[in-house]
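This structure is a prediction, so every number in the text was calculated from the model and none was measured. Every number for a ligand or one of its atoms is a count from 1 in the order of the listing.
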Amino acid sequence: MQKLRTQVGIVGAGPAGLVLSHLLHLEGIDSIVLENRSRQYVQERVRAGVLEQGTVDLLTQMGVGDRLRKEGLVHYGIELRFRGRGHRIDFRELTGGKGITIYAQAEVVKDLNDARIAAGGQVFFDVEDVRPCDFDTSEPKIRYQKDGDEYELACDFVAGCDGFHGICRPSIPAGVLTEYEREYPFGWLGILADAAPSAEELVYCYHDHGFALLSMRTSQIGRLYLQCKPDEDLTQWSDEKIWQELQLRLASDGWKLTEGPVLQKGVTGMRSFVVEPMQYGRLFLAGDSAHIVPPTGAKGLNLAVADVQVLARGLTQFYKTGSQDFLNQYSQVCLRRVWKVQRFSWWMTSMLHRFPEGNPFDERRQLAELDYVTSSRPAATTLAENYVGLPMEWS
Ligand code: PHB
């Protein structure tokens, strides 16, 4: 068995793990990132693409914002469309100048990997059989295999940034964590299309047939979604049928949806999930390993980045002063934000989707809610301030 040592062992090379590793590096703290997929896989998987202002600011401060600033699309509003009419929520006006940036998660991950490698950072891809151990002692370890050899990485702390299906959360003994969960009786069928987006900003649409979303990756590539069954069979959806349904749901007077070749398609399930606490001993969970939000508020990546900012602060305090005060507050500080973002994502989801068990009362109520949100300035402001991202609260 080969032995290695670092200060912080990080499991998972998604946005949470890579941002954490780079933040620690900037504070002079060493880390090793272990990822069971290939670099190509993590850089190409299709995920969301909406960055809050705070996420953009952080990436910029970390020195990984150059391409993001050049290629990202800055938006200062979204459209809510219902009864065939669009209503703009003006973020700039309602939040004192804030906006969001459209830039695919895959691109964020590429930029972070490049920055880690340029700084001599250690990110090991294609590792197997990762096992965090002894994190209830002051000498945690992560055992893993690579190319058939067994390794033991000794570290001071383990960061579980390995996603909802990762190994870190289930490594915590039974009875420690409380899970809070809600599943939704629908999913999203998403496509990436070689078609210039038909609107300048994102369009969230409520329709009798179900929710639809017009989003984008670049000024040439569209990203569109349809509410579908949670276990929808993709083989039943030809490209033609997908466009037909998008045309129907998104239809609006004087507006045209431009079609194009479908480059990729997939079905995403929808759930809300939180574990409390987000820490056990010297193992800290961050991002999707600790919580999942439904995609309607576009919050997943942003929430992961907020977690690791809090974790980096705690680890920095520990290495600079020996104090564990901030580390001890990690879970509590993160969960305050997590639950507010859960509330927002659940609210957006509930307002915009057709519930199979819904009745005509619920549909009228949803339309009234949309009417209210788009006609009352305070109501629109609550949507806007959550969408652009709530301020960080450090206690
Ligand atoms: C996306 O572009 O993938 C996207 C945008 C907004 C959302 C969810 C996903 O709310």
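The proximity of T296 to ligand 1, defined as any non-hydrogen pair under 4.0 Å, is limited to the backbone.
Atom 8 (C) of ligand 1 has as its closest protein heavy atom P295 O, 3.2 Å. For atom 2 (O) of ligand 1, the closest non-hydrogen atom on the protein side is S215 OG, 2.5 Å. Counting protein heavy atoms only, atom 3 (O) of ligand 1 is closest to Y225 OH, 2.6 Å.
The residues D362 and R365 are annotated as salt-bridged, a charged nitrogen and a carboxylate oxygen being separated by less than 4.0 angstrom. By the 4.0 Å N-to-carboxylate-O rule, R88 lies close enough to D90 to be salt-bridged with it. Residues K265 and D239 are paired through a salt bridge, judged by an N-O separation under 4.0 Å between the basic side chain and the carboxylate. Under 4.0 Å is where a charged nitrogen must lie from a carboxylate oxygen, and between R337 and E393 no such pair does. Using a cut-off of 4.0 Å between Lys/Arg side-chain N and Asp/Glu carboxylate O, D208 and R354 are scored as salt-bridged.
Atom numbering of ligand 1 starts at 1 in the shown order; those under 4.0 Å from a heavy atom of A298 are 6 (C), 7 (C), 10 (O). The distance from ligand 1 to the heavy atoms of V50 drops below 4.0 Å at these ligand atoms: 5 (C), 6 (C). Residue L202 has at least one heavy-atom neighbour below 4.0 Å for each of these atoms of ligand 1: 5 (C), 6 (C). Close contacts between ligand 1 and A48 involve ligand atoms 3 (O) [criterion: under 4.0 Å to a heavy atom]. Taking a cut-off of under 4.0 Å to the non-hydrogen atoms of Y204, the atoms of ligand 1 that pass are 6 (C), 7 (C), 10 (O). Atoms of ligand 1 found under 4.0 Å from any heavy atom of R217, numbered from 1 in the order shown, are 1 (C), 2 (O), 3 (O).
At least one heavy atom of W188 sits less than 4.0 Å from an atom of ligand 1. Heavy-atom distances between M348 and ligand 1 stay at or above 4.0 Å for every pair. Judged by the shortest distance from any of its heavy atoms, V46 lies outside the 4.0 Å radius around the atoms of ligand 1.
When the shell of 6.0 Å around OH of Y372 is examined, it contains 12 or fewer heavy atoms from other residues, nucleotides or ligands. For E181, the CD atom sits in a packed shell: over 12 heavy atoms of surrounding residues, nucleotides or ligands are nearer than 6.0 Å. For K3, the NZ atom is loosely surrounded, since the number of other residues' heavy atoms within 6.0 Å does not exceed 12.
Where the criterion is an N or O separation shorter than 3.5 Å, residue side chain and backbone included, Y387 fails it with respect to ligand 1.
Put simply, the residue from R249, Q227, E245 that forms a side-chain hydrogen bond (donor to acceptor under 3.5 Å, both in side chains) with H209 is E245.
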